[in-house]
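Below: one structure, written as structure tokens.
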Amino acid sequence: MGQQTLIKNAKVVNEGQILEVDVLIEGERIVKIETGISALNANVIDAKGNYLLPGIIDDQVHFREPGLTHKANIATESRAAVAGGVTTFMEQPNTNPQTTTIEKLEEKFSIAANSSYANYSFMFGGTNDNLEELKKLDNKSCPAVKLFLGSSTGNMLVDNEQVIETIFSNTDMVICTHCEDEATIKRNLEHYTGIYGDDIPIKYHPIIRSEEACYLSSSKAIALAKKTGARLHIFHLSTGKETHQFVNDIPLEEKKITAEVCVHHLWFSDADYEEKGTLIKWNPAVKTAEDRDELWKALLDDRIDVIATDHAPHTLEEKQNVYTKAPSGGPLVQHVLPAMLENYHRGKIGLTKIVEKMCHNPAKLFQIKDRGFVREGYYADLVLVDLNDEWKVTRENILYKCGWSPFEGTAFKSKITHTFVNGYLAYKEGQVSENRNAKRLTFNRD
């Protein structure tokens, strides 16, 4: 019998309900959920009426290891993730070297096995010429294939339409796509470079990486998925126009085409460029307040299935370059849950909906084994939050290796008090435990 932990007096947010029950953990798993549990040898945590959520599953992060570790690494960013209630992440292939062979994929898994604070998996990068390698992937141990249909950090652009169709036709894996049309962006960039040189005002970023660029690419990917029967998941929607391509009339498990929105596209708008500058330069770009409203609408009516971060750190020095040299992306894993809970306080979204989009749905979409829910027999990946303990994001409490956050100076009403990873108390009241207990994800697939 493993170590027992008993969480008493918690309001458990799970599967559309909020119930006041106790949760008993034994070893790595939840063994009992009911009222009035007593366990003589258990370590008892009094939740004091605070809310207990499943650990957040972030399906899109860039932790920069190997090759770009001056910005971040798996240890530093997973540590920040756990402090933010993110207990599981799926990392992207645009590292250096890129994750485009099984050998490079397994190298990442071995780095994480030694250094990650959170449960982990890594996506395989599709390219213009690695189809044979892609066909060898084991779908029980790799979450998805990632295709950059628009170039971004680390330029893994897949621009050969015949190749894209062949990939769509030759894998039963989930295919995750970054959708921005390269020709449109190039044309727009040339126009503004002609006027401003490299120092283009940041307000033009969403006009360069425009609604048209996003819609052209995502609509093409969707048409191809329908033609080939591929299982398509479109990352980080940023425009209202794109949301109308998705449906909510069937359960998520039956959808062949799904979508994700990121916290920054739900939080910021183009009005924030003036204050935040390149710190909120992302690909795809943060667009208008109207786009943000449409994204919220699609999220709440279930046309958008998942909330993620696209956590993508760069050093402050890199971000402070002129427009054409400032990389896109920013760090978010430590602050995604407090930000979404802030939206709860603002009346924009319910707690059960946050849990559905950040815990249940990523687990369903990728068929993750025994995670994403507060259920007996499941791994005890859990987050305890106090909804009324205000704090402010400052340089001193940011855990990212890059040392900054687009949320710096923001006051959040909700604070994460405890995070459990596989039954182990990984974070408590401001302190991350240095004893790691993370695991590689496995998937329920035939």
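Just so you know, these numbers use all the heavy atoms, side chains as well, and skip hydrogens, waters and symmetry mates. Just so you know, these numbers come straight off a predicted model, no measurement behind them.
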Candidate pair Ile222 and Leu232, rule side chain to side chain contact (heavy atoms under 4.5 Å, CB included), full reasoning: CA-CA 8 Å; Ile222 287 167; Leu232 175 65; 4.1 Å; yes
Just say parallel, tilted or perpendicular for the rings of His311 and Phe63, cut-offs at 30° and 60°. perpendicular
Could you tell me whether the side chain of Met340 reaches within less than 4.5 Å of the side chain of Leu266, counting heavy atoms only? yes
Under the side chain to side chain donor-acceptor pair (under 3.5 Å) test against His70, which residue among Arg64, Lys401, Glu318 passes? Glu318
Run through Lys255, Lys357, Lys353, Lys364 and flag the one making a salt bridge (charged side-chain N to carboxylate O under 4.0 Å, His left out) with Asp305. Lys255
Work out which heavy atom in Ala75 is nearest to a heavy atom in Ser78; give both atom names and the distance. O-OG, 3.2 Å
Taking Cys179's backbone N and O only, do any of them form a donor-acceptor pair with Thr177's side chain (distance below 3.5 Å, no angle check)? no
Starting from the C-alpha separation in whole Å, work towards a yes-or-no answer on side chain to side chain contact (heavy atoms under 4.5 Å, CB included) for Tyr323 and Leu189. CA-CA 11 Å; Tyr323 175 82; Leu189 184 59; 4.0 Å; yes
Between Asn248 and Asp301, what is the shortest heavy-atom contact and its length? ND2-O, 2.7 Å
I'd like to know if the side chain of Asp291 reaches the main chain of Gly240, judged simply by a donor and an acceptor atom lying under 3.5 Å from each other, with no hydrogens or angles considered. yes
Is there a donor-acceptor contact under 3.5 Å from the side chain of Arg371 to the main chain of Tyr378? no
When every non-hydrogen atom of Phe122 is compared with those of Cys142, the smallest separation belongs to O-SG, 3.6 Å
Keeping Ser116 on the side-chain end and Ala113 on the backbone end, is there a donor-acceptor pair under 3.5 Å? no
Is it true that the NZ or CZ of Arg303 lies under 6.0 Å from the centre of Phe246's six-membered ring and within 45 degrees of the ring axis? no
Specify whether His360 and Phe373 have parallel, tilted or perpendicular ring planes, treating 30° as the upper limit for parallel and 60° as the lower limit for perpendicular. parallel
Asn14 side chain vs Val374 backbone, donor-acceptor pair below 3.5 Å: yes
Could you go through Phe407 and Phe268, starting from their C-alpha distance and side-chain angles, then the distance that decides it, and tell me whether this counts as ring pair (Phe, Tyr, Trp, His ring centres under 6.0 Å)? CA-CA 10 Å; Phe407 288 114; Phe268 298 104; 5.7 Å; yes
Indicate whether any N or O donor in one side chain lies under 3.5 Å from an N or O acceptor in the other, for Thr258 and Arg231. yes
With a 3.5 Å distance limit and no angle check, can you tell me whether Arg445 reaches the backbone of Asn139 through a side-chain donor-acceptor pair? yes
Apply the test side chain to side chain contact (heavy atoms under 4.5 Å, CB included) to residues Phe443 and Ile368: give CA-CA distance (whole Å), side-chain angles for both, the deciding distance (0.1 Å), then the verdict. CA-CA 5 Å; Phe443 304 91; Ile368 301 169; 3.8 Å; yes
Is any side-chain heavy atom of Pro284 closer than 4.5 Å to a side-chain heavy atom of His178? yes
If every non-hydrogen atom of Leu149 is compared with every non-hydrogen atom of Ala221, which pair is closest and at what distance? CD1-CB, 4.1 Å
Judged by atom type as modelled, is there a donor-acceptor pair below 3.5 Å linking the side chain of Lys104 to the main-chain atoms of Asn96? no
Can you name the closest pair of heavy atoms from Ala80 and Tyr400 and give their distance? CB-CD2, 3.7 Å
Identify whether NZ of Lys or CZ of Arg in Lys227 sits under 6.0 Å from the centre of the six-membered ring of Phe168 and within 45° of that ring's axis. no
Evaluate the salt bridge (charged side-chain N to carboxylate O under 4.0 Å, His left out) criterion for residues Arg395 and Glu408: first the C-alpha distance (whole Å), next the side-chain angles of each, then the deciding distance (0.1 Å), finally the verdict. CA-CA 7 Å; Arg395 283 286 158 99; Glu408 203 172 320; 2.8 Å; yes
Measure the acute angle between the ring planes of Tyr120 and Phe109, then classify it against the limits of 30° and 60° as parallel, tilted or perpendicular. tilted
Between His314 and Lys71, a side-chain donor and acceptor under 3.5 Å: yes
Distance-only, no hydrogens or angles: does the Lys319 side chain make a donor-acceptor pair with backbone N or O of Lys281 under 3.5 Å? yes
Intermediate values then yes/no, side chain to side chain contact (heavy atoms under 4.5 Å, CB included), Met358 and Thr309: CA-CA 10 Å; Met358 299 179 80; Thr309 64; over 6 Å; no
Knowing that exactly one of Thr87, Asn437, Asp381 qualifies, which makes a side chain to side chain donor-acceptor pair (under 3.5 Å) with Asn119? Asp381
Kindly say whether Glu165 contributes a backbone atom to a donor-acceptor pair with the side chain of Ser169 at under 3.5 angstrom? yes
Check against salt bridge (charged side-chain N to carboxylate O under 4.0 Å, His left out), Arg440 and Glu106: CA-CA 11 Å; Arg440 177 174 178 166; Glu106 288 304 327; 3.1 Å; yes
For the residue pair Lys415 and Phe412, would you count it as a cation-pi contact if the rule is NZ or CZ under 6.0 angstrom from the ring centre and within 45 degrees of the ring axis? no
Just wondering, do Asn128 and Asp159 contact through their side chains at under 4.5 Å, heavy atoms? yes
Does any non-hydrogen side-chain atom of Thr193 lie less than 4.5 Å from one of Ile195? no
Between Glu434 and Arg79, does any side-chain N to carboxylate O distance fall below 4.0 Å? yes
Indicate yes or no: does Glu212 engage Lys287 in a salt bridge with an N to O separation below 4.0 Å. no
Thr127 to Asn130 - nearest heavy-atom pair and separation: N-OD1, 2.9 Å
Whether Lys348 engages the ring of Trp296 as a cation-pi pair (distance to the six-membered ring centre under 6.0 angstrom, angle to the ring normal within 45°) should be assessed. yes
Quick check against the 3.5 Å criterion: does Gln431 have a side-chain atom that pairs as donor or acceptor with the backbone of Lys428? no
